[in-house]
**Student:** 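Here it is, the structure in full.
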Amino acid sequence: MDEVMTQPAELAPRDPSGTLDVVVTGLPSDAHTWNLVFIQLLLEDLGHHVVNLGPCISQDEIVESCCKYQPDLLVVSSVNGHGAHDAEHLVRALRARWELAGLPAVVGGKLGVRGAEGRDGYGRRLVDAGFDAVFHDEQGLGPFEAFVGALAADRTPCGPAPLPEGAAR
């Protein structure tokens with residue numbers, strides 16, 4: 001991160017241009033880093049700003065980081081095959097916080113070890129728990145990139161950007 005934030009997150013200026021502020025994180029049981037770096041670089045290549053919390057992050061730290069940074073998107077990635085369990089607890093804790101109840105949150109990677117029959121079950125369970133989307137490792141990046149693109153397009157203003165208070169056109 002090249003920028004130093006000098007204001008509290010709730011007062012930080014927001015860019016309405018379609019660029020997303022994204023928090024990327026691993027889960028408490030997953031020590032892998034390559035997937036998090038890959039997702040960070042992908043999102044940055046797409047023009048978004050990323051805070052990468054890293055691997056083995058506790059549920060409480062992820063929730064508090066989302067409160068601090070107020071991102072437009074939370075991306076949870078796991079490749080150890082046990083992510084579905086941790087992810088379900090995380091999203092329930094996230095949705096329990098009023099200030100994060102509407103935060104778009106996605107999870108992806110190798111989330112289970114039971115193959116296709118398990119994947120369908122935990123995919124439904126994770127969406128029911130509060131994730132906006134679940135991306136399985138076999139799907140490739142297309143569905144994830146489409147989700148991020150649609151979310152960024154929703155942030156793009158339709159008309160001229162609002163002027164700061166006291167400014168004139």
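Atom set for the values below is all heavy atoms of this structure, side chains included, hydrogens, waters and symmetry mates excluded.
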**Student:** Identify whether V127 and L27 are in the same connected component of the hydrophobic contact network (ILVMFWY, side-chain heavy atoms under 4.5 Å).
**Tutor:** yes
**Student:** Ignoring hydrogens and angles, tell me if any N or O in the side chain of D86 forms a donor-acceptor pair with the backbone of S29 under 3.5 Å.
**Tutor:** yes
**Student:** Starting at CG of L74, measure out to CG of L90 and round the result to the nearest 0.5 Å.
**Tutor:** 6.5 Å
**Student:** Rounded to the nearest 0.5 Å, what's the gap from CD on Q59 to CD on E64? Could you check?
**Tutor:** 11.0 Å
**Student:** Output the distance between atom CG (L73) and atom CG (L20), rounded to the nearest 0.5 Å.
**Tutor:** 6.5 Å
**Student:** Indicate the atoms forming the closest heavy-atom contact of L103 with P71, along with that distance.
**Tutor:** CD1-O, 3.1 Å
**Student:** Indicate whether the side chain of D30 and that of H32 have a donor and an acceptor atom separated by less than 3.5 Å.
**Tutor:** yes
**Student:** Report yes if the side chains of C66 and L94 come closer than 4.5 Å at any heavy-atom pair, otherwise no.
**Tutor:** yes
**Student:** Would you please name every residue forming a salt bridge (Lys or Arg N to Asp or Glu O under 4.0 Å) with R92, sequence neighbours left out?
**Tutor:** E88
**Student:** Tell me whether L141 shares a hydrophobic cluster with V50, the cluster being built from Ile, Leu, Val, Met, Phe, Trp, Tyr side chains joined at under 4.5 Å.
**Tutor:** yes
**Student:** Taking all heavy atoms of N52 and all of V37, pick out the closest pair and write down the distance.
**Tutor:** ND2-N, 4.0 Å
**Student:** If you measure from CG on L100 to CD on Q70, what distance do you get to the nearest 0.5 Å?
**Tutor:** 6.0 Å
**Student:** Under a single-linkage definition using a 4.5 Å side-chain heavy-atom cutoff for Ile, Leu, Val, Met, Phe, Trp and Tyr, are V76 and V79 assigned to the same hydrophobic cluster?
**Tutor:** no
**Student:** To the nearest 0.5 Å, how far apart are NE2 in H49 and CD in E44?
**Tutor:** 9.5 Å
**Student:** Which atom pair, heavy atoms only, marks the closest approach of S78 to G83?
**Tutor:** OG-CA, 3.5 Å
**Student:** Is there a side-chain contact between L111 and L126, using heavy atoms and a 4.5 Å cut-off?
**Tutor:** yes
**Student:** Shortest non-hydrogen contact from A84 to R125?
**Tutor:** CB-NH2, 3.9 Å
**Student:** Tell me, please, which residues at least two apart from D132 pass salt bridge (Lys or Arg N to Asp or Glu O under 4.0 Å).
**Tutor:** R95
**Student:** Can you give me the closest heavy-atom contact between F147 and F135, atom names plus distance?
**Tutor:** CB-CZ, 3.7 Å
**Student:** Working to the nearest 0.5 angstrom, can you tell me the gap between H48 NE2 and L42 CG?
**Tutor:** 8.5 Å
**Student:** Before giving the answer on side chain to side chain contact (heavy atoms under 4.5 Å, CB included), spell out for F144 and L43 the whole-Å C-alpha distance, their side-chain angles and the decisive distance to 0.1 Å.
**Tutor:** CA-CA 10 Å; F144 174 71; L43 289 165; 4.0 Å; yes
**Student:** Of all heavy-atom pairs between V107 and A87, which one has the smallest distance, and what is that distance?
**Tutor:** CG2-CB, 4.0 Å
**Student:** Whether the side chain of D21 engages the backbone of D72 through a donor-acceptor N/O pair (distance < 3.5 Å, no angle test) should be reported.
**Tutor:** no
